[in-house]
Amino acid sequence: MRSIIDVLDLSTEEIEELTACAQDIIANPDAYADVCARKKLATLFFEPSTRTRMSFEAAMYELGGHVITMAGAASSSAAKGESVADTIKTVCNYVDIIAMRHPKEGAALVAANNATVPVINAGDGGHCHPTQTLADLLTIKLEKKRFDNLTIGFCGDLKFGRTVHSLAAAMARYPGTKLVLISPEELKLPSYVKRNALNPAGVKYTQTTDLEEALPELDILYMTRVQRERFFNEEDYLRLKDRYILTAEKMKKAPEDMIVMHPLPRVNEISVAVDDDPRACYFKQVLNGKYMRMALIMKLLKEAGKI
Ligand code: NCD
């Protein structure tokens, strides 16, 4: 049974196939309205979410399917001490596919190992978030028209930001990718991401603490929120949270065709004045996420012989 835990579980050919499918859904939504009729998706969210859970649910409804949801660990038997493995073995009796978010790194893999239906990782702790990356990749494809020869600046919490880990790994596979890693010393990209994804692909990257200095060379600026819930103490969070704030003034230093991305939710790191800049793409990412999740749900259900 195929599950998607990491974005690298998908080949670059499959990423092409999914982005092409999402573009076809955008052009011909009616053709997909019944593809998943009578199929059920469970959304199991042990951590807060707005976009990821709702876009999975909207995606399944737009494919003609049904959704059952568990939003918040407090309302489920997890609050009584049930393991992820037992919860998954239970939920597999009710549905055809599962999207799960959990605060522990590796929980999605445990879920997949105990499932009889496909499991999609909707974020496991500070580890990875493959479907946000699919949303990001469709946005890059639509806005920049290519995946190769792009210089991407990741800015903010590169240590705990799971969307950064997944997108950096995905982009590492394309020729000519350059990364500029902009963060405070304490929030640098984990060495395992460099070791497992960047170094084997020979990706060029530089590390800096200076956003403004990096801006002129970027094709894409990927801003992130400082991940308060993953900090060990509040003091460190308060010290680091407003380190980078993208303003309209700073955008003057960015190239005319640079795009600004952010997985959202935004706290302070992009001032609302930037929203009116045509280079701001973060709300486009939200919509693109729904289309890519539709494409992924269809692909996995087809491979499982369910549709
Ligand atoms: C991100 C996440 O959950 O990792 N949000 C999302 O899914 N779009 C980013 C974040 O919470 O900062």
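We count residues from 1, following the sequence as given. Remember, it's a predicted structure, so these values are computed and weren't measured experimentally.
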ILVMFWY network linking Leu238 to Val226, side-chain heavy atoms under 4.5 angstrom: yes
field: Ser271 (side chain) donor-acceptor with Thr247 (main chain) under 3.5 angstrom
entry: no
- prompt: Can a salt bridge be assigned to the pair Lys40 and Asp96 using a cut-off of 4.0 Å between side-chain N and carboxylate O?
  reply: no
- request: May I ask you to check whether Arg293 and Ser55 show a side-chain donor-acceptor distance below 3.5 Å?
  value: yes
query: Any Lys/Arg nitrogen of Glu235 or Arg239 sitting under 4.0 Å from an Asp/Glu carboxylate oxygen of the other?
result: no
task: Measure the CG-CG distance between Leu179 and Leu198 for me, rounded to the nearest 0.5 Å.
output: 6.0 Å
message: Parallel, tilted or perpendicular, judged at 30° and 60°: which one describes the rings of Phe231 and Phe160?
response: tilted
message: For Glu47, run the salt bridge (Lys or Arg N to Asp or Glu O under 4.0 Å) check against Arg230, Arg53, Lys104 and tell me which one passes.
response: Arg230
query: Does Leu240 offer a backbone N or O that forms a donor-acceptor pair with the side chain of Asp236 under 3.5 Å?
result: no
- prompt: Considering all heavy atoms of both residues, which atom of Ser166 and which atom of Cys128 are nearest to each other, and what is their separation?
  reply: OG-CB, 3.0 Å
Within 45° cone of Phe147 ring axis and under 6.0 Å: Lys141 NZ or CZ: yes
task: Drop me the distance from Lys241's NZ to Gln227's CD, to the nearest 0.5 angstrom.
output: 14.5 Å
field: Residue pair Gln285, Thr139: steps toward the side chain to side chain donor-acceptor pair (under 3.5 Å) verdict
entry: CA-CA 6 Å; Gln285 282 167 264; Thr139 307; 5.3 Å; no
For Tyr244, the option from Met223, Glu269, Lys250 that meets side-chain contact (heavy atoms from CB on, under 4.5 Å): Met223
- prompt: So, Thr224 and Asp157: side-chain donor and acceptor under 3.5 Å apart, yes or no?
  reply: no
Distance-only donor-acceptor check, side chains Thr69 and Glu57, under 3.5 Å: yes
message: Between Glu16 and Arg173, is the salt bridge (Lys or Arg N to Asp or Glu O under 4.0 Å) condition met? List the steps.
response: CA-CA 13 Å; Glu16 283 296 336; Arg173 297 191 290 187; over 6 Å; no
message: Looking at His165 and His127, would you say the former's side chain and the latter's main chain have a donor-acceptor pair under 3.5 Å?
response: yes
Heavy-atom donor-acceptor pair, Ser11 side chain to Glu14 backbone, under 3.5 Å: yes
field: Test item: side-chain donor near acceptor, Thr151 and Glu217, under 3.5 Å
entry: no
message: Quick check against the 3.5 Å criterion: does Asn93 have a side-chain atom that pairs as donor or acceptor with the backbone of Lys89?
response: yes
message: Do Arg101 and His129 pair up side chain to side chain, a donor and an acceptor below 3.5 Å, judged on atom types alone?
response: yes
- request: Go through Tyr174 and Asn149 one step at a time and tell me if the side chain to side chain donor-acceptor pair (under 3.5 Å) criterion holds.
  value: CA-CA 8 Å; Tyr174 298 106; Asn149 296 304; over 6 Å; no
- prompt: Given Ile25, which of Lys290, Met298, Met292 fulfils the side-chain contact (heavy atoms from CB on, under 4.5 Å) condition?
  reply: Met298
task: Inspect the contact between Arg162 and Glu105 and indicate whether a charged nitrogen and a carboxylate oxygen are less than 4.0 angstrom apart.
output: no
